[in-house]
Amino acid sequence: MWFDNHYTSAKKNAAYWSRALFKAQTKLLRDSAEISQRPDLQRFVDMHEANMMTPDPAMGRGMTKAASMWYLGGNFASSLVNGTQMFTRGAAELTRLTGKPIESYKRVLDAVREVGEVALGQSKWRSPDHEWLMNRYESDKTGSAYDVLGEKENDITLKMQWALNHGLPRSAAQKTDSLLHRVNDLAMIGYRGVEAVNTKSAMLAAFDHFRSAKGVAFRRRRHMQGPRSSMGR
Amino acid sequence: MNDVGGKANRPVLMFNTMPRSAAMIMHSMQSFNIGTVGQMVKFIKEGWPGGNLTPAEKWNARKATAQLLTVQAGLAGVLGIPFAGSAVALVNNAFPGLEIDKNLRALTQQLFHEDEEHDTPLSDLAMNGVPSMFGWDFKSRLSMGNTLPGVSEINGYQYDMVHAPPIQLLDHLY
């Protein structure tokens, strides 16, 4: 009972602060110099916030997950084809921004290659900026605005629940639930891997574009070393 | 900012007018198609004459539209372009006498000066995409020709395909 009370309290606190943080981040973004001048982007931010603030019902989430697993689970050919996204949609988006199709492909290819090399342990991130960006991604992705299915699995309170219940006798329903989670994780491992490559390479390509467009250069400034050092730098 | 993935990608109308669970089920596994079609529409809209964008921005949007459509057609064939396969299938269903599928193939062969009696590599390439020449089946996975619910470019309109994947799965299991 004591554990349950504390667990519920922590869950409510975590949910409250996650939402408060998201709201604050959205407000900051909405009021930024660039977006405050663009009603179209403000509309996107508002729509996104409204959508994110409405939790998905468990039934819808469960059925979506089951269908994805049934039709796509274990299908490595489909997951590999999913890896063409950056070359179809990502490169076109960069062309819209730069007007240079060949340059866009080069940038996408570079980003995919860099992510692949780091994943395979063949090299490190090519610049301190890239490393900083990927560290930010790794630390923030549990609250990713775009991760629909993962939001529940990545919930810190669920991890705490697992830790509290670990080693205790479990009911048949709990065992079945755990087994289904594992089957799903295994079946969708190819998709998740390719999606991670897509996401990281999209972030790198967009980041490099932003820096070249805005003329932002990496400078190791003393006042930036505080937050960076907390990320292992 | 580009609203092409996850929750940000969801159709506002569907999620605002239906119960959320129903909308999620209907939207299931359609994220890529909806996102890509949305991206194309956005590019076309930006490249269209008029509006607030500069001529350079419009020109870039047109280039991006051409690039996206060309790459999609290159990987999945002409019928893999959004709605193309469904449109052909619907016309075939409505007017079977036109034999539009067969005639479209014949027209493509004519375009490349090929015929059925010989190999037809160029028209096959146009219809099925470049990877098909290497034996890779990208078309069935990347094609967005079947974007209309219930319409398959191979089998035409099928009532049991109208349902979203989770309902089809339940149908299949029971």
Side-chain angles (χ1 to χ4, degrees), chain A residues 29 35 38 40-41 44-45 47-48 50-52 54-72 75 77-82 84-85 87-101 104-105 144-151 195 198-199 202 206, chain B residues 1-10 12 15-16 19-29 31-32 35-36 39-40 42-43 46-47 52 56-57 59-72 74-76 131 136-138 140-142 164-170 172-173:
Chain A
L29 185 70
I35 293 182
R38 295 276 304 270
D40 55 331
L41 292 185
F44 282 145
V45 173
M47 275 163 47
H48 182 61
N51 199 12
M52 289 299 296
T54 314
D56 286 334
M59 189 185 83
R61 197 183 349 229
M63 285 186 79
T64 305
K65 195 171 176 177
S68 305
M69 193 176 84
W70 183 267
Y71 288 109
L72 301 175
N75 192 335
S78 286
S79 55
L80 283 177
V81 170
N82 194 32
T84 59
Q85 266 188 61
F87 298 94
T88 52
R89 298 173 59 182
E93 188 64 34
L94 278 176
T95 301
R96 183 182 74 88
L97 297 168
T98 62
K100 297 174 184 163
S104 304
Y105 278 115
S144 165
Y146 296 103
D147 188 5
V148 180
L149 292 178
E151 61 187 17
E195 275 299 320
N198 284 341
T199 308
Chain B
M1 178 186 291
N2 191 14
D3 55 336
V4 295
K7 275 184 160 184
N9 187 38
R10 290 174 173 175
V12 177
F15 277 81
N16 284 357
R20 206 166 173 86
S21 272
M24 281 185 77
I25 290 165
M26 293 283 288
H27 180 254
S28 165
M29 292 175 69
S31 177
F32 181 77
T36 310
Q39 195 177 7
M40 283 176 186
K42 183 176 150 195
F43 289 176
E46 286 187 2
N52 309 327
E57 284 173 331
W59 180 239
N60 289 352
R62 284 174 204 156
K63 271 203 263 190
T65 312
Q67 181 180 342
L68 189 50
L69 287 172
T70 309
V71 174
Q72 178 64 28
L75 287 175
W136 301 333
D137 180 19
F138 272 44
S140 66
R141 296 179 170 90
L142 264 185
I167 307 294
Q168 286 176 30
L169 174 59
L170 286 179
H172 182 80
L173 292 176

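Labels below follow one simple rule: chain letters A, B, ... track the order of the sequence lines, proteins then strands, and each chain is numbered from 1.
In this structure, chain B has a heavy atom under 4.5 Å from the backbone of A:T98, while its side chain stays farther away. Heavy atoms closer than 4.5 Å to chain B are found in the side chain of A:L72, but not in its backbone. Of the atoms belonging to A:A206, not a single heavy atom falls under 4.5 Å from chain B.
For A:W70, the ring-ring contact (aromatic ring centres under 6.0 Å, His included) criterion is met by B:H172, not counting sequence neighbours. In this view, B:E46 and A:R96 satisfy the salt bridge (Lys or Arg N to Asp or Glu O under 4.0 Å) rule, not counting sequence neighbours.
Distance check: A:E93 CD to A:T88 OG1 gives 11.5 Å after rounding to the nearest 0.5 Å.
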Evaluation steps, side-chain contact (heavy atoms from CB on, under 4.5 Å), between B:M40 and B:T65:
CA-CA 6 Å; B:M40 283 176 186; B:T65 312; 5.7 Å; no
